[in-house]
There are 4 protein chains.
Amino acid sequence: MNPQRPEPAGKLKLAKALRELLENKDFNSITTANIAKTADVNEALIYRYYGDKRGLLHYLLSNYLDAFIKQISIDLKGIEGAVNKLRKLIWTHIYLYDHNRVFAKILLLEVRNYPGYFSSETYRTVKVYTKIILELIAEGVENREIRNDISTSLIRQIILGGIEHTCLPAIIFNREMDIDLLHEELCSAIFKGIQPIK
Amino acid sequence: MNPQRPEPAGKLKLAKALRELLENKDFNSITTANIAKTADVNEALIYRYYGDKRGLLHYLLSNYLDAFIKQISIDLKGIEGAVNKLRKLIWTHIYLYDHNRVFAKILLLEVRNYPGYFSSETYRTVKVYTKIILELIAEGVENREIRNDISTSLIRQIILGGIEHTCLPAIIFNREMDIDLLHEELCSAIFKGIQPIK
Amino acid sequence: MNPQRPEPAGKLKLAKALRELLENKDFNSITTANIAKTADVNEALIYRYYGDKRGLLHYLLSNYLDAFIKQISIDLKGIEGAVNKLRKLIWTHIYLYDHNRVFAKILLLEVRNYPGYFSSETYRTVKVYTKIILELIAEGVENREIRNDISTSLIRQIILGGIEHTCLPAIIFNREMDIDLLHEELCSAIFKGIQPIK
Amino acid sequence: MNPQRPEPAGKLKLAKALRELLENKDFNSITTANIAKTADVNEALIYRYYGDKRGLLHYLLSNYLDAFIKQISIDLKGIEGAVNKLRKLIWTHIYLYDHNRVFAKILLLEVRNYPGYFSSETYRTVKVYTKIILELIAEGVENREIRNDISTSLIRQIILGGIEHTCLPAIIFNREMDIDLLHEELCSAIFKGIQPIK
DNA sequence: CATGAATGAGCATTCATTCAT
DNA sequence: TATGAATGAATGCTCATTCAT
């Protein structure tokens with residue numbers, strides 16, 4: 001219960017091992033034997049620390065998501081205006097996807113199809129993020145930067161869907177991404193539609 | 001002796017079964033037992049009729065590709081001008097992806113990573129299609145509808161990449177597609193760049 | 001029931017096909033599909049004509065055994081004395097093993113281990129042969145060419161065991177056989193022991 | 001950490017089970033399910049401990065070969081003269097084949113035809129043995145007990161071929177062996193030819 | 001905190017055999 | 001007389017997971 005107690009060595013080694021392996025293989029074709037051997041610990045530790053193989057994946061993911069959210073929070077500091085903040089958020093989101101393709105892949109492709117996703121901690125962490133977005137939108141609506149005749153949740157949908165739509169092909173096919181270009185295109189598409197008509 | 005001998009029931013049932021299963025799962029996580037049970041035939045028939053599990057997938061695909069190409073060829077009839085034909089081709093391509101999501105998924109995601117794809121019959125059929133596109137582009141260049149300072153194969157790349165980029169997210173996440181909208185956006189992006197500056 | 005009715009084409013083709021295949025593979029690794037394809041007939045014919053795969057093998061074998069016995073019977077004509085006839089019989093036996101290695105292999109290795117061998121037609125034909133030997137021995141005993149204080153069946157055992165012993169290594173490892181040398185060694189070993197002490 | 005850690009129970013049970021089964025069936029017709037059931041352990045242990053089914057066979061074999069070579073080395077102690085040592089070696093070889101028929105069978109029949117045999121550890125161990133023989137022969141040549149106009153490797157060939165030829169039939173057909181008789185016959189045949197003419 | 005041992009369920013694939021026509 | 005369609009029972013092998021220590 002002591003939040004300060006350091007994680008056991010084996011637990012960390014396993015997480016590190018899976019992260020490594022995910023760079024070259026997809027989750028389903030990585031075996032537990034594989035992970036344990038790479039980590040140089042016993043296979044059974046996966047079950048002790050993470051419940052099961054998928055648990056380890058979610059642990060990895062939630063670690064990443066925490067960093068993701070922390071990064072975005074920092075990046076928003078000092079920016080004025082909800083739309084400006086959202087622009088920055090989108091840029092960082094794309095940037096982080098580009099620089100953490102393994103996680104992007106898991107998040108975009110692996111994690112959703114599985115039963116239990118919506119009751120997972122990953123999902124709870126994702127919701128923290130979507131809540132941040134929602135609040136920015138609400139702020140925008142209040143400031144009259146954003147139309148008030150579209151529901152905030154639909155707007156959030158548009159933003160997240162747009163990011164996904166924008167990044168997915170490059171991530172699936174390991175293509176390079178021109179972050180600034182993609183960001184510009186995406187923002188103009190999004191904000192043209194959701195900004196109030198003056 | 002009859003070259004038109006109808007396909008055996010089991011063969012067709014298997015193809016149908018895999019098509020069904022692919023709607024919800026990806027190929028690798030569909031088992032042969034799974035397919036056979038869905039088809040309500042014996043597992044061994046997969047091997048009798050298709051050589052192996054992957055053979056069945058390629059059968060499905062090549063059936064679809066033939067229909068795909070036939071449809072596009074018909075759709076181009078009566079249209080004048082290379083750019084107009086290409087616009088129509090893109091529309092039909094998107095339309096067919098939208099209405100045959102299983103095949104779109106296979107084509108976009110499953111089939112490429114596999115060793116032997118480039119020596120498969122599927123690949124040969126795909127090349128028939130890309131050749132059609134190439135010829136339309138060449139026609140366009142000749143008629144001065146399309147710039148002659150970009151290689152035709154690069155232009156083809158742009159078109160096919162664009163279609164992919166446009167359709168992939170909707171296909172992966174089973175989202176609805178506004179075909180006309182996507183088509184319009186895609187075409188304006190493509191043709192703005194490749195039409196000659198007057 | 002007409003003994004003159006010719007064998008159906010398919011039946012013969014199958015026998016021929018198996019004989020061919022046995023030259024390069026052992027029986028267990030030849031499949032029924034294999035046989036039928038080589039014979040260019042339907043797989044089910046094996047079951048119509050021979051009951052099962054092993055039945056076909058036994059048919060082949062009994063054909064061979066008939067020829068074997070016929071050949072030996074002819075070879076014995078015009079030879080005087082039981083021991084001389086036995087010498088000739090042994091020579092021909094070795095000769096035929098050497099020149100029909102496929103059958104030698106089946107007879108020596110494949111056929112015995114199987115349940116049902118002793119009630120097979122093959123076994124009945126083999127008994128015709130051993131009866132010939134037994135009669136030659138009895139003739140020899142009567143003529144005082146062969147000791148009368150060893151049972152004829154034991155003597156037969158010694159002869160057949162000796163032949164087997166002599167030929168087996170060459171047959172298993174596909175080695176060449178010096179028929180005359182083997183014959184001489186074997187006969188001197190056998191007849192030294194079984195001829196009456198003068 | 002203890003390098004002498006005892007072999008796991010399951011590993012040993014599997015080896016014992018295969019040894020038992022080989023008494024009545026040949027390796028190819030023994031299934032992994034068969035082995036596991038006889039050993040009363042899980043089939044997967046074969047793969048954990050031996051890599052695959054054939055690995056288990058080679059384990060059995062190499063255990064046996066080690067004992068074989070150890071026994072022969074001991075038996076040669078205190079014997080004077082290369083030819084006398086070879087005689088003893090031949091006797092022990094025949095004796096061990098007689099008393100370990102399963103291994104004799106594997107060694108004579110199963111192991112050779114397989115691809116990879118010549119790069120296996122079994123083969124390396126076999127070579128240790130043949131080297132012992134070669135050295136004895138060289139010793140004999142030096143002492144003028146053995147002719148020096150036949151290559152030592154040919155002489156080794158004659159000895160090993162002779163043993164094989166002598167034991168094979170009895171081993172294949174589970175017949176009894178009169179070891180002393182076989183030994184005497186074989187040695188007289190071998191050494192008549194290879195001893196120097198005085 | 002960590003491990004070695006063991007397992008059940010499943011995997012793609014093979015093959016001798018049956019049967020309606 | 002012959003065939004195409006179909007199948008049950010294996011086969012060697014893999015892997016996530018459990019558990020006593």
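Naming: A, B, ... by sequence-line order, numbering from 1 per chain.
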Between Asn34(D) and Lys11(B), just flag the one whose closest nucleotide in DNA chain F comes earlier from the 5' side.
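Checking each residue's closest nucleotide, the 5'-ward one belongs to Lys11(B).
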To the nearest Å, give me how far apart CD1 (Ile35(B)) and P (dA12(E)) are.
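In whole Å, dA12(E) P and Ile35(B) CD1 are 8 Å from each other.
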For Leu14(C) and dA16(E), what is the distance between atoms CG and P respectively, to the nearest whole Å?
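After rounding, the gap between these two atoms is 13 Å.
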Which nucleotide span of DNA chain F, 5' end to 3' end, has atoms closer than 4.0 Å to non-hydrogen atoms of chain B?
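Footprint of chain B along DNA chain F, 5' to 3': dA5(F) to dG8(F).
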Residues forming a side chain to side chain donor-acceptor pair (under 3.5 Å) with Glu23(A), sequence neighbours excluded
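Checked Glu23(A) against side chain to side chain donor-acceptor pair (under 3.5 Å); zero matches.
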Side chains of [X] and [Y] in contact at under 4.5 Å (non-hydrogen atoms):
{"X": "Lys105(B)", "Y": "Phe27(B)", "value": "no"}
{"X": "Thr38(B)", "Y": "Glu20(B)", "value": "yes"}
{"X": "Tyr49(C)", "Y": "Glu7(C)", "value": "no"}
{"X": "Asn63(B)", "Y": "Tyr59(B)", "value": "yes"}
{"X": "Arg48(B)", "Y": "Leu45(B)", "value": "yes"}
{"X": "Leu107(D)", "Y": "Leu65(D)", "value": "yes"}

Nearest 0.5 Å please: distance from the OG1 atom of Thr122(C) over to the CG atom of Leu61(C).
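Here the interatomic distance stands at 4.5 Å.
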Crowding at CD, Glu121(D) (>12 non-hydrogen neighbours, <6.0 Å)
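No.
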His58(A) backbone acceptor or donor facing Tyr50(A) side chain under 3.5 Å
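No, because the side chain of Tyr50(A) does not come within donor-acceptor range (under 3.5 Å) of the backbone of His58(A).
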Given 3.5 Å as the limit, does a donor-acceptor pair link the side chain of Lys37(B) with the main chain of Asn42(B), or not?
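Answer holds: no.
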Residues forming a side chain to side chain contact (heavy atoms under 4.5 Å, CB included) with Tyr47(A), sequence neighbours excluded
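Counting only residues at least two positions away or on another chain, Tyr47(A) forms a side chain to side chain contact (heavy atoms under 4.5 Å, CB included) with Thr32(A), Asp52(A).
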Quick check on contacts: within residues 16-31 of chain D, what sits under 4.0 Å from DNA chain F by heavy-atom distance?
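Output list: Ile30(D), Thr31(D).
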Can you sort out which residues in residues 36-46 of chain B have a heavy atom within less than 4.0 Å of DNA chain E? Ascending by number, please.
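Going residue by residue through residues 36-46 of chain B, the ones with a heavy atom under 4.0 Å of DNA chain E turn out to be Glu43(B), Ala44(B).
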For DNA chain F, what is the dot-bracket line, given that a base pair needs Watson-Crick (N1 to N3, plus N6-O4 or O6-N4) or G-U wobble (N1-O2 and O6-N3) geometry with both distances under 3.5 Å, and | means paired with another strand?
.||||||||||||||||||||
Run Lys25(C) and Asn34(C) through side-chain contact (heavy atoms from CB on, under 4.5 Å) and show every step you take.
CA-CA 11 Å; Lys25(C) 294 205 218 178; Asn34(C) 220 320; 3.4 Å; yes
For dC15(E), does either OP1 or OP2 sit under 4.0 Å from a side-chain N or O belonging to Tyr47(B)?
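No.
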Indicate, with a heavy-atom threshold strictly under 4.0 Å, whether Tyr50(C) touches base, sugar-phosphate, or nothing.
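No contact.
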